[in-house]
Every structure is written in C-alpha cells, then in structure tokens.
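The next block holds one structure in the form of structure tokens; read it before the comments.
Counting starts at 1 for both ligands and their atoms, following the listed order. Hydrogens, waters and symmetry mates are skipped; everything else that's a heavy atom, side chains included, is used.
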Amino acid sequence: MGDDTNPDRGDAAMTRRQAVGAFGLVASSAAAASALAASSNAQAAAQGAPARGPASLLYPHESATRASRDLSGLWRFQLDPTDRGEQDRWFVGGLPTPRRIPVPCSWNDLFDDARDYFGTAWYETDFQLDPGWRGRRVCLRFGSAVYRARVWLNGEYLGEHVGGHLPFAFDVSGLAREREPNRLTVSVENKPQLDRVPSIPDPQTARMYQVDYPQTAYDFFPYCGLHRPVVLVSTPDTHVQDVTVTTAFSGATGVVDVAFAVNANWSGPAKLILTGGPRPISVPVTVENGRGAGRLRVDAVRAWSPQDPFLYRLNIRLGGESVIDDYPMKIGVRTVEVRGSEIRLNGKPVFLTGFGKHEDFAIHGKGLDLPVLVRDFELLKWIGANSFRTSHYPYSEEALMLADEYGFLVIAETPGVSLVFMDAPPIIEARYRQLEGALTELVHRDKNHPCVILWSLANEPIPKPFHTVNDIPPGAVETGTKFFQRLFAHARGLDQTRPVALVSVQGGPAEWVGQGDVICANSYNGWYVVSGRIDEAAATLEKEITGLRARHGDKPVIITEFGADAVAGIHAQPPEMWSEDYQADLIEAYWRTLRRHPYVVGAHPWAFADFKTAQSIMRVGSLNQKGVFTRDRRPKLAATRLRSLWKAAQG
Ligand code: GCB
C-alpha cells in the first residue's frame with residue numbers, strides 16, 4: 001500500500017495528451033509511448049534510463065535478467081459521477097476525498113453506493129522504484145480493467161485501454177522517478193453503451209417485455225474495476241518483446257518452433273534452451289532486425305494432454321557469452337485439429353466433459369481470486385471434467401497458466417456475448433472494431449497455452465435481443481453473416497493452429513454457426529422451453545442435434561450449455577423445476593441423449609457454479625442458480641450425479 005502523503009503532489013510538469021487508439025492496447029500504448037518519448041526523454045536521459053518504446057505484453061515471468069513488482073494492495077479510490085476528475089486534474093492534485101479499495105477487485109460488492117455505479121471511478125497509489133532497477137527499462141502492466149482505463153504517472157498521461165479482460169502496458173522508463181515516490185492514477189469507466197462489447201439493448205429500438213436492473217443484454221452482473229494485478233516490470237533495455245511457439249510431432253519426436261521479437265530492431269546472437277526432458281536442448285539463433293526463429297527437436301517427447309499435462313521450460317536467451325536478456329516460459333508439446341467429426345488432440349479423438357464458468361465470487365466480484373481459482377480446478381478434477389469454456393470473456397492469465405498445469409482443455413472465448421444485429425450500421429461497425437481488437441489481443445495473449453484448443457468468437461449472437469417484442473428486422477441475418485465472415489477470417493489469420501467456432505443459441509442462424517470448424521450450441525430444453533418435462537426435453541434435444549447434423553455436415557458438435565436452475569436445498573419427488581432433483585435428472589437425460597451421437601464431442605452443463613446477475617424476475621437472489629456447485633462451491637445433487645456419469649464414461 002502506498003503512503004497517503006506525496007511530497008510531489010501537484011508539481012509534476014503536466015501535459016495532457018489526447019486519448020489514443022479506439023481499442024487497441026498495442027495502438028494506444030505504442031502511440032502514447034511515442035508521444036511521451038518526444039516530451040520526456042530528456043528526463044529519461046538524465047536518469048540514465050533507456051528511451052521509451054512500445055511496451056511488451058509478455059507475461060512478466062522473472063529470470064536472472066527480469067524482475068517484477070506487484071502493486072496489488074489497498075489503493076485510494078473515488079467515484080466521479082459528474083466526470084469532473086479530468087477537468088479538475090485529480091491526476092495532478094490527488095483524489096480529493098478518497099477511501100480505500102483493494103486491487104485487484106470489483107468495486108460493486110464493496111460499497112453500498114457503488115454496487116450499481118457504472119460511471120467513472122478513480123484509483124490512486126504511490127510506489128517507490130527498486131534502487132536495483134536504476135537505468136533499466138520499466139513497464140507498467142495492467143492485467144485487466146473493465147471497461148475503459150486512462151492512466152497517469154506523476155501527472156503525465158500514459159494512454160488508455162478500452163475493453164476489459166485483457167492486459168495492456170506502458171513503457172515508463174525514465175518517467176518513473178528513481179529517488180522519489182511515484183504516483184499512479186487510473187480512471188476506470190464502465191458506462192453501459194450501445195457501441196461497446198458487450199453492449200446493452202437499445203431502449204429506442206428494442207421494445208423489452210422483461211427488463212433487468214442494471215440493464216444488460218447478457219446474463220451476468222456487469223462488475224467493474226481493476227480486476228487483475230497491476231505490475232511493474234523491469235527488463236534490460238534490449239529485451240524479448242514477443243514469442244510465438246508452435247508444436248508438432250514427427251514420430252516420437254516433438255518439433256517445437258519458436259519465433260520471437262526483440263525491441264529496437266536488435267541484431268545479434270541468441271539461444272533457445274528447452275529443459276525438463278532427460279537432458280537440456282539448446283539451439284543457437286541469429287536475431288536480425290529484431291526477429292529470431294529456431295526449431296527444437298525433442299526426442300521421446302512427452303506430449304501434453306489432460307492425462308499427462310507435462311510442461312517443458314523454454315528460455316529465450318539473448319546474447320552470446322554474456323546474457324543480455326532471458327525470457328522463461330512453460331510450453332506443452334501437443335497438436336489439435338478437427339478431422340471429420342472429431343476433435344483430435346495429439347492425433348486422438350477427445351470428448352469434452354466440463355462446464356461453462358464465470359469469474360465470479362462474493363465480494364471480490366470479478367477480481368482475480370487465486371484461492372477460488374485453485375479450488376475450482378480441484379473441483380473440476382474431482383467431478384471428472386477435462387475442460388471448460390471461458391464464458392463469456394477472456395479469463396485471467398493465471399487461470400490459463402494453471403489450466404496448462406492441471407491439463408484442462410480450454411475453449412477460449414472473446415467478450416462478444418449477446419451481439420445483436422438490429423442496430424444502425426455505425427453501431428454494428430463500432431462493435432465489430434472493438435471485438436476484432438479484443439480478439440487480436442486475446443490470441444496474442446493466449447497463443448502459447450497448450451490448454452487452449454478452440455477459439456470461441458462469440459456467445460449467442462442473435463438477430464434481435466431476447467425479451468423484445470420486435471420482429472427480426474430485414475437484413476439482420478445477412479448483416480450478421482458478413483460480420484462473422486470478417487471475424488472468422490481475422491481469427492484464422494491470427495492463428496492457423498487452432499479451430500475456431502462461435503457458440504449459438506436455438507441452433508442458429510445456420511449461416512453464422514456454420515462458419516465454425518466446430519458446431520457449438522447452447523440448448524435449454526426442460527428449462528426455457530419444454531419446461532418441467534424431462535422426457536420431452538430429451539426428445540426435443542434429439543431432434544435438435546440431428547437437425548444440427550443435417551445442417552452442418554460432418555462437423556463435430558459440442559453442446560456448450562444445458563441445464564436448469566436449482567436452489568440448493570430444494571428437493572421434489574417427482575422432480576420439479578428449481579429443485580436439485582430436477583436439475584440432476586435433466587442433466588443426466590441430456591448426457592445420455594448426447595452420448596448416443598458419435599459426432600457430439602463435448603457436453604458442458606451450464607454452469608460450473610451459481611453466479612451473480614442483474615436483478616430480475618428470472619433470478620432468485622440476483623443469482624443464476626444453474627450452477628452444479630453453489631456460489632460458495634458446495635456440490636448440489638447434480639455434482640455427484642455428473643461425477644458418477646463422467647467417471648463411468650472414463651471407464
Ligand atoms: C445462456 C447464456 C448464459 C446464461 C444462460 C442462462 O444461453 O449463454 O450466459 O447464463 O443461458 O442460464 O440463461
């Protein structure tokens with residue numbers, strides 16, 4: 001936690017810079033960095049600090065050449081309902097009447113006046129640079145801020161990032177003072193807007209017959225704030241900026257291709273070193289104009305899989321005799337592909353058991369919560385799950401790293417939840433650009449995780465919002481078709497090594513879903529439709545999946561959501577809706593039906609645990625209670641039922 005008194009409050013040279021980049025962290029931080037470089041490189045030079053450049057987004061793993069400091073703790077915090085903070089230059093003078101807030105955490109469950117607050121809020125902390133970092137490159141890295149963050153250091157504007165759930169960073173070399181305290185100020189704003197992703201339904205065009213509070217077009221609480229750690233990262237001036245690892249097999253030999261980038265167009269010798277196998281493997285590489293690439297061949301390779309999630313350690317080491325930079329990371333050697341109606345991992349078909357989840361817990365909201373993360377993964381193992389979907393946004397990097405270690409297969413989803421296509425073209429285009437940017441950032445962040453086997457571009461896009469009485473506007477389906485053609489092409493351009501899909505509802509529209517390599521469908525027979533009738537629900541499901549097969553040829557199908565709300569402790573015989581018995585029986589009926597169709601390659605009941613939603617007539621206690629576990633992770637009847645079904649299926 002920083003000190004409340006800052007001797008420098010207010011006297012930093014202040015140049016207010018324009019916000020940069022519509023959405024891109026790369027664009028915004030790079031543009032901000034070059035703007036800053038012009039004005040304050042003199043200060044950097046005076047401190048012997050490197051000239052600023054674009055900040056790397058690599059996860060800040062430490063090594064002999066790299067260190068990081070997590071600024072998590074109790075920061076100062078102030079709501080700004082009239083948006084006066086920028087005008088009144090709170091980033092110079094400090095927050096006028098702050099209270100304490102933990103970072104990372106959502107603000108909504110902490111303060112009564114902040115639960116339904118979706119405007120601008122300000123965060124502030126002080127830190128001292130490590131004296132050992134003198135003269136080194138220092139970056140400031142945010143794991144995630146929902147939704148739009150603007151950042152100042154010692155009164156200097158660094159830039160902004162728009163869109164939650166993904167990291168952004170700024171090079172602050174020279175700007176972070178070495179001998180005096182530094183003040184970091186961040187404004188975070190989460191106004192519900194039509195042109196954002198996710199968006200709200202347009203009250204002008206959508207006539208709603210059911211309105212939630214706060215109004216969201218999606219079914220989870222719109223938590224906001226600094227949700228993931230804010231970290232200072234110190235690297236050598238010349239450093240590895242980005243790494244892409246792809247793996248393949250040649251017989252029993254693993255083939256690991258590594259391409260990497262070094263800042264400032266550096267050229268020189270480097271080495272790739274792989275350890276963890278019987279003996280280290282090292283390959284020399286020549287870096288030219290900031291680009292290096294090499295291939296490691298691993299004899300008798302241990303392939304990564306849920307059964308054996310073995311990770312090798314890869315070091316990208318710049319320099320010859322004396323090491324300039326060393327970036328360490330863990331990698332798994334595996335392949336994933338769609339062949340006919342199968343998803344194949346390392347050449348063998350897999351069947352996905354698991355859940356759609358949420359980052360959600362009482363009081364923390366969507367703030368990174370490592371104990372909950374570990375407990376969830378333990379429960380996933382206990383129940384016999386081998387996979388999960390990051391519904392409905394990118395999860396923390398810590399979750400992905402842990403999934404690599406536990407051996408979970410991950411469907412990694414963008415924040416594109418509940419997209420609709422009845423709004424004006426400029427709104428749809430703004431959403432497209434936001435989503436395309438988020439997808440770029442997501443693939444860039446998670447491309448090296450062996451656990452990620454499928455990109456999900458969206459969850460339940462629909463021509464018009466649910467709960468509206470309007471007809472589907474003419475052209476909405478075609479507009480969506482074009483939208484997804486662009487998005488699929490973009491995804492496939494970013495990553496040729498993984499299949500891509502979108503998650504549909506009510507099977508359609510077929511023109512959108514069919515663009516995927518895998519057909520992912522959510523299905524709520526027995527709940528929203530065919531309510532209360534489990535046998536009929538199973539018969540309707542049967543028709544649904546044979547319909548998907550007829551429409552989409554031999555592509556593999558995953559039923560990515562199904563289930564029923566169950567209030568823990570409610571029982572009924574015969575089973576009826578909202579009871580634990582009904583939920584367990586419905587899930588079992590789905591499971592048995594799905595298993596009769598060999599092209600169905602995954603069954604994910606919705607959801608792993610109960611989670612917070614907006615207030616509505618549909619959600620008892622403002623919770624979606626389709627969890628197989630309660631919000632505090634106690635198993636409902638469905639959990640023990642699934643455990644025996646899944647264990648039996650695994651033999
Ligand atoms: C869905 C959505 C999910 C909801 C779920 C429900 O189809 O994808 O976000 O929470 O239904 O329970 O209504």
What residues come within 4.0 Å of ligand 1, counting heavy atoms only?
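Ligand 1 pocket, heavy atoms under 4.0 Å: D219, H392, N459, E460, N522, Y524, Y528, E561, W606, F611, R619, N624, K626.
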List the residues meeting side chain to side chain contact (heavy atoms under 4.5 Å, CB included) with P214, not counting sequence neighbours, and say none if there are none.
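By the side chain to side chain contact (heavy atoms under 4.5 Å, CB included) rule, P214 matches D116, F118, F221, P222, A614.
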Testing R228, K612, K366 for salt bridge (Lys or Arg N to Asp or Glu O under 4.0 Å) with E359, which one passes?
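The residue from R228, K612, K366 that satisfies salt bridge (Lys or Arg N to Asp or Glu O under 4.0 Å) with E359 turns out to be R228.
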Measure from NZ or CZ of R486 to the centre of the six-membered ring of Y432 and say whether it is under 6.0 Å with the direction within 45° of the ring axis.
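Because its charged atom sits under 6.0 Å from the ring centre and within 45° of the axis, R486 does stack over Y432.
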Looking at F629, I'd like to know if the NZ or CZ of R634 sits under 6.0 Å from its six-membered ring centre while staying within 45 degrees of the ring's axis.
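No, a cation-pi geometry is absent between R634 and F629.
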Compute whether any side-chain donor of one residue and acceptor of the other, for D610 and N624, lie under 3.5 angstrom apart.
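No, no side-chain donor-acceptor pair sits under 3.5 Å.
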Does a side-chain N-to-carboxylate-O contact under 4.0 Å join R431 and D423?
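So R431 pairs with D423 through a salt bridge.
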